[in-house]
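Accompanying notes for the structure given below.
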Amino acid sequence: MATNRTFTMIKPDAVENNYIGGILKMINEAGFRIVAMKYTKLSAEAAGKFYEIHKERPFYGELVNYMSSGPIVAAILEKENAVADFRTLIGATDPTKADEGTIRKIYAKSIAANAVHGSDSDENAQLEGDFYFSKLERF
Ligand code: CMP
């Protein structure tokens, strides 16, 4: 059964380009409630751990370097059918393939610097939220 929470990061390229406000506005207007939020920076070690699932992929090194290159915004979001609806809102991983009006179509530069992360399953949403937030940081 789908849970009502997902996890997102606004990635270094989007932070650098001052897109935090625009992206959060789209998230709120799509009906997501912010359960937890943090402005922080990943070390290379932490980025490697977060994306461990992609360890064998050819882009893993690039991904880890990039995700530890600057600050990010991490958040847990709540809405009915959160994981699927958030993936619809952000669009395809490759922004050239993302639908019009999606966050990645509007804000992403490339497949690596693709503006936002969104969990791909309820299980990963839980794991990823737990990676950043204690119970006391969720409201
Ligand atoms: P994200 O949703 O954060 O999950 C894994 C990330 O790996 C993905 O977004 C992309 O930023 C990145 N990624 C996926 N495929 C590639 C690729 N072919 N080259 C570089 N980065 C990639």
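Ligands are counted one by one from 1 in listed order, and the atoms in each one are counted from 1 as well.
- For Glu52, there are no salt bridge (charged side-chain N to carboxylate O under 4.0 Å, His left out) partners at least two apart in sequence or on another chain.
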Short N or O separations between ligand 1 and the protein, below 3.5 Å:
| unit_1 | atom_1 | unit_2 | atom_2 | d |
| --- | --- | --- | --- | --- |
| ligand 1 | 2 (O) | Arg104 | NH2 | 3.2 |
| ligand 1 | 2 (O) | His117 | ND1 | 3.3 |
| ligand 1 | 3 (O) | Lys11 | NZ | 2.7 |
| ligand 1 | 3 (O) | Tyr51 | OH | 2.7 |
| ligand 1 | 3 (O) | His117 | ND1 | 2.8 |
| ligand 1 | 9 (O) | Lys11 | NZ | 3.1 |
| ligand 1 | 9 (O) | Asn114 | ND2 | 3.3 |
| ligand 1 | 11 (O) | Lys11 | NZ | 3.1 |
| ligand 1 | 11 (O) | Ile111 | O | 2.9 |
| ligand 1 | 11 (O) | Ala112 | O | 3.3 |
| ligand 1 | 11 (O) | Asn114 | OD1 | 3.4 |
| ligand 1 | 11 (O) | Asn114 | ND2 | 3.4 |

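- Remark: Lys79 is positioned above the aromatic ring of Phe32, its terminal NZ or CZ atom under 6.0 angstrom from the ring centre and at most 45 degrees off the axis.
- For an aromatic pair to be called close, the ring centres must be under 6.0 Å apart, and Tyr51 with Phe59 fails this.
- Shown here are the side-chain contact (heavy atoms from CB on, under 4.5 Å) partners of Ala36, two or more places apart in sequence or in another chain: Ile76, Phe133, Arg138.
- Ser43 is linked by a side-chain contact (heavy atoms from CB on, under 4.5 Å) to Glu45, Ala46, counting only residues two or more places apart in sequence or in another chain.
- The residue from Val35, Leu89, Thr8 that alone fulfils the side chain to side chain contact (heavy atoms under 4.5 Å, CB included) condition with Leu77 is Thr8.
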